[in-house]
Each structure stands twice: as structure tokens, then as C-alpha cells.
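Source: prediction; values computed, not measured. If you read the sequence from its start, that first residue is 1, and numbering goes on from there. Numbering of ligands and ligand atoms starts at 1, following listing order.
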Amino acid sequence: MVDSVTVVKFAGCIVPFYVLFRYIECYRRNTLLRNIPTVGYSSSLLSYISAFRLFLHSREIIGEGYHRYHGSAFKIAQINQWHVIVSGPRMIDDIRRARDDQLSLRFAADEATQARYTIGDYRHDHDFYRVGAIRSSITPAIGLRFSDVRDEIVAAFADEVPASQNWIKVPVIETARRIVSRTSNRLFVGLPLCRDPDYRDLNVEFTIDVMTSAQILLLFPDFMKPFVARLVTNIPKQIHRAANLLRPYIQDRLDREMEYGPDWPEKPDDLLSWLIDNTPAERKSVETIALQVLIINFGAIHTTSIAFTSTFYFLACHPEFTDPLREEIQSIVEEDGWTKAAMARMRKLDSFIKESQRMAGNGVTSMNRKVLKDFTFSDGTTVPAGCFISAASWATHNDDNVYPDAHQFKGFRFVDVEANHMVSPTLDYIIFGHGRHAWYVSSAATNHWWLSKNSSPGRFFAVNELKAMLAHILMTYDVKFEDERTSPPPPTWFEMSLIPDLKAEVLFRARV
Ligand code: HEM
């Protein structure tokens, strides 16, 4: 038996070494960070002033760094850390090429959503964001089940925006959220659940709840977060609600699998089946599958409805694009019908969405990564493990040297640029990020790591959905702002997010 004196002596030897090691490590990290120039205050205390300024002025702060240190790295203060921002094709390409065990999107997303305190321990799953589900189930379904997507869009607009001969006011973002939720879930879980108002509201509320809770939690030190989370989030209740709503559908499929084996007759080929097939037997429960569905909705609804809203604001205040867009849609639909192939041929519409997102975008930064191992860029800059890095996306998209007359909205800017579709990220168009993310397919048949060389796995679905929604609006309604404004209502900038006006209303009237 080891006596307490030996323990104290042992600790007395080890602790100084441990403290020295931590000190050297901290010194090394700070030296690496000191070599990277700062925008704003760099001293530990004053940097808090810059961190608070960032909440409302991220565009100006990052814009200043972008122009001063273009093509290299600079750092900005956040409440609880330094954040390194890079720009220029070479640095962006370095992030794109980095492996997931060096620069991790997953860990950065965990931080942004404060996953540990919001969504929960499920984040330790290899395929936390169900990237495999999106690639194997949702992306192929776009073509095969496009008629369902179109059917849901027509039905959702008929419910939300009845075609009237008089102008009616429509609050854009909330209507967009409801329509996007219905349309996306037509593919995810099918009829009748996608139309259930409770299920639809749950998906919208869950997304808002996670994002708002995460923003509040980020203001607190780690040790307080579990307590604050209990006060500010409703998430456990939402997960319970999702399990109750999905239970009859999931349980029915689990029962059939028990009875007839994994390939039971008339098994639907949809996201639910894919999730059930790919969840390990010991975790295959209604609660787990329901949470996965919620998480996929979380990735899909907010992003797509924000992109829809900002694109639609451009459409409503630039009537000069209406006729050329209608002509394109009309002639293509006459030849190909409402199909995925038709959507792919709508180059003017594609360019219009791409230009809107270039100017309005969804954030000040993109390609957000947590550095897991010290990472050296090709210009020699080393960012220490533990830091967060991002690319200055808004500044890149709005730089005159990259996009001539960058501050002018040119809806057909991308029409003649071959192979420059909205879904294809380039080093100067990073709305969907860019990179190669490791993703894991946990089925017994394909039990290994895959490397994808792409960005958001949902972008194919999102762009098709956006095109189908906008094409439907153009062919069905006339739209305008009441004050006939010629530029979109100003967005709000909050920390790194760019949020289109949440209150704006647009007038709709059945096409005459
Ligand atoms: C306009 C709509 C959308 C935008 C702007 C968008 C944007 C993004 C961005 C910027 C990333 C990070 C990529 C990177 O940094 O390289 C991302 C990742 C992701 N997106 Fe999207 N997205 C959209 C729609 C969707 C949809 C509809 C889904 C699901 C069906 C989805 C699922 C995901 C998932 C699962 C990831 C994580 C990928 C990984 O871990 O490797 N997204 N998205």
C-alpha cells in the first residue's frame, strides 16, 4: 500500500514539471499568435473592447484586415479566444487542401453551435451531421423525386400566399421558413408528416433555439455553460417533441425490420430508411433517429430560408430582371417540364441566385475551422492548435479586384462564365465553404472513411430547391416592395452572421 507521504513526494516532483510544461506550451502558442498581426487592440485586457465591437462591426473589422493584410493572415479578438482570418486564393486553397485531422470543420461547428451544451453528446458520433445520409439519400433523390419537390412547393405557396387579384403583404422570412421546411421534409420524411404544422414548427423552432442559445452561451466561460444552458435552452423538450411526432413512423419501420429483416417488402427509399439502416444496432431507437432528423433539418432550413430571403429581396427590387427570367423559365419548362434537368438549364436564374448570395451572402466568414494540430500555411505562417481560423468570405465576394463593380448588383454576371454554376465552389466564391471533409459511413458494408473534396453536402439540394421556388414565384405572381425601393432592406450583422431583414414584407399578386 502506498502511504500518503510517498504520494505527496511524488506529486511534489511531478507538479512543477507539469506547470513548466504548460507554461512553455502557453508561451509557444502566444509567440506563434504574436507573429500574426492584430486588427483591433492586441493587449490581453483591451482586446475585450475589440471583442465586444466585433458583435456589431465584424464586417468593418474583417474588411480592414482584408485590405491591410490581403493574401496573408491577421487575427481578431473574440470574447474567449483569438480568431485567425485569411484571404487570397493561396491561403484559401491551403484551408481547402488541409486534412480534417489538421483543420476541423466538425469541431468548429461544435463551437459555433455550442453542441456540448445544446445538442448534446450525440456530437461524438463519427457522422454527427449525417453527411453520409445527405450524399447517399438526399442528393440522388433530387432527380428521382423532383416531382414531389415541385408538388410540395406548389401546395405550400397555395396555402401560404393564395393567388389573389389584389396585392397582399407577405412577411418573407417566416413564410420562407415554413415553405422550405415543408419542401425539404417532403424528401426527408414524406407525406403526411412534412405538412404537419406541429412538425414544421418544431423544425423551425429547434433551429432558432440552437442558434440563439449558442450565441448566448458563447458569452459565458466554460464552467458556467451547463447552468446557463439549462436556463436558456428548450432543446431537451424539443428533442422529446420530435421523438413523439416521429415515433409512429420510425417505430413502424423498426417493427417491420424486426419481422422481415433489413430489406422488407415496400420499404420506402428515403432519408428515414437510410438513417435506420446506418445507425448501429445498439443505438437504433426512436429517440436517436428523431434527433438525427432534427439535426439534418437544422443544417437545411435556416441556411436555405436565409438564402431564399436575400435572393428574393433582390428579385422584388430589381423588376428589370423579371421578364428575361420568365422567358428563360417558360421556354425551358416547355421543353423539359418541371424537372431537375430543367433546373440545371436555367443559367440566368442560377446566376441571379449566385449574384444575390455574392452580395448578401450568409456571413462575414466561411470555411470556419478549428486547428487540431499546429498548421503552417504555404506563406510560412503557423497557427497554433486550439485556435479557430476562417476565410474572409464577404470581403472577398465584395472586392472590386475579384468581381469588377463588386458593389453593383449584376443579376446575370455569371451567365456567360462556363462551368461557373452556383453549386461549384471556387477559391473566390465560398458561400458553401470549400474543402475536403472526412466523413464516415457506418454501415457494415461500407465501414470505412471516405474523403469528399467538396463543401456543403446539401448545396445540390438547396440550389435545386431555391431555383424551383423562385421559378414558381416568377411564373405565378407579380411581386414588389410597397415603397418600390431599388435596393434590398439593410441586413443585420451580428458577430460573424449576416441576417437579411427579418421584418420586411413584400407585396404579391396573382400574375395578370
Ligand atoms: C443555401 C443553403 C446552404 C448554405 C449556404 C450552406 C452552407 C454551408 C457551409 C458554408 C458549410 C461549411 C462547409 C465548409 O466550411 O467547407 C456547410 C456544411 C454543411 N451543410 Fe450546408 N449549406 C446549405 C444548405 C444545406 C442543406 C439543405 C443541407 C442538408 C440537406 C446542408 C447540410 C450541411 C452539412 C451536413 C454540412 C457539414 C459537412 C461536413 O461536416 O463535412 N446544407 N453548409
Side-chain angles (χ1 to χ4, degrees), residues 92-93 95-100 103-110 112-113 115 123 125-142 149 176 180-181 183-189 203 207 271 274-275 292-311 353-354 356-358 360-370 388-391 393-394 397 422-423 425-427 429-441 449-467 469-470 496-498 500:
I92 291 179
D93 202 35
I95 302 187
R96 183 186 71 81
R97 289 148 57 100
R99 290 196 321 267
D100 226 53
L103 300 183
S104 167
L105 165 63
R106 195 64 48 90
F107 279 82
D110 274 5
T113 54
R123 73 204 164 90
D125 195 324
H126 282 298
D127 189 13
F128 174 46
Y129 291 101
R130 312 319 299 179
V131 180
I134 294 158
R135 283 193 217 284
S136 313
S137 155
I138 299 171
T139 307
I142 305 169
V149 173
V180 168
S181 169
T183 311
S184 313
N185 277 282
R186 179 74 182 259
L187 280 199
F188 300 171
V189 298
N203 282 313
T207 308
L271 175 71
W274 196 95
L275 290 173
Q292 294 178 8
V293 174
L294 265 185
I295 287 176
I296 291 181
N297 270 291
F298 170 77
I301 294 179
H302 174 72
T303 46
T304 312
S305 37
I306 290 276
F308 171 84
T309 302
S310 48
T311 306
I353 302 173
K354 186 167 179 180
S356 309
Q357 294 311 295
R358 178 189 72 75
N362 51 2
V364 189
T365 57
S366 178
M367 300 177 76
N368 305 316
R369 306 283 186 268
K370 181 163 184 182
F388 288 86
I389 61 171
S390 303
S393 54
W394 196 86
H397 295 156
M422 173 82 187
V423 284
T426 56
L427 295 177
Y429 194 84
I430 46 175
I431 283 294
F432 291 112
H434 209 345
R436 53 175 213 181
H437 311 303
W439 55 283
Y440 188 73
V441 181
W449 284 93
W450 294 81
L451 277 178
S452 102
K453 287 206 169 185
N454 288 311
S455 43
S456 172
R459 69 191 187 287
F460 299 100
F461 179 59
V463 170
N464 270 286
E465 197 178 15
L466 288 172
K467 281 181 167 173
M469 284 170 70
L470 289 160
M496 304 298 199
S497 315
L498 192 174

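Nearest to atom 30 (C) of ligand 1 by heavy-atom distance, out of Gly363, Ala300, Ser393, is Ala300. Distances from atom 9 (C) of ligand 1 to the heavy atoms of Phe432, Phe308, Phe298 show the closest one on Phe432.
Of all atoms in ligand 1, numbered sequentially from 1 with element shown, those under 4.0 Å from a heavy atom of Met367 are 15 (O). Proximity to Gly433 (heavy-atom distance under 4.0 Å) selects the following atoms of ligand 1: 10 (C), 13 (C), 14 (C), 15 (O), 16 (O). Numbered from 1 in the order shown, with element, the atoms of ligand 1 that lie under 4.0 Å from a heavy atom of Ala307 read 1 (C).
Closest approach of Gly433 to Pro425, counting heavy atoms only: O-CB, 3.5 Å. The shortest non-hydrogen separation linking Leu470 to Phe308 is CD2-CE1, 3.9 Å. When all heavy atoms are compared, the tightest approach of Glu465 to Ser184 is OE2-OG, 2.9 Å.
Only the side chain of Leu105 comes within 4.0 Å of ligand 1, judged by heavy-atom distances. With a heavy-atom cut-off of 4.0 Å, Glu465 does not touch ligand 1 at all.
In this structure, Arg106 counts as a contact residue of ligand 1, since one of its heavy atoms falls inside 4.0 Å of the ligand. No heavy atom of Arg96 sits closer than 4.0 Å to any atom of ligand 1.
Look at Thr303 and atom 21 (Fe) of ligand 1: no N/O/S atom of the residue is under 2.8 Å from the metal.
Counting heavy atoms from C-beta outward, Asn297 and Thr207 have side chains that stay 4.5 Å or more apart. The shortest distance between side-chain heavy atoms of Tyr429 and His434 does not fall below 4.5 Å. Proximity of Leu294 to Asn203: side-chain heavy atoms (C-beta onward) are separated by under 4.5 Å at one or more points.
Of the polar atoms of Arg459, none of the N or O atoms is found under 3.5 Å from an N or O of ligand 1, judged by distance alone. The shortest N or O to N or O distance between His434 and ligand 1 is under 3.5 Å. Ligand 1 has an N or O atom lying under 3.5 Å from an N or O atom of Ser456, backbone or side chain.
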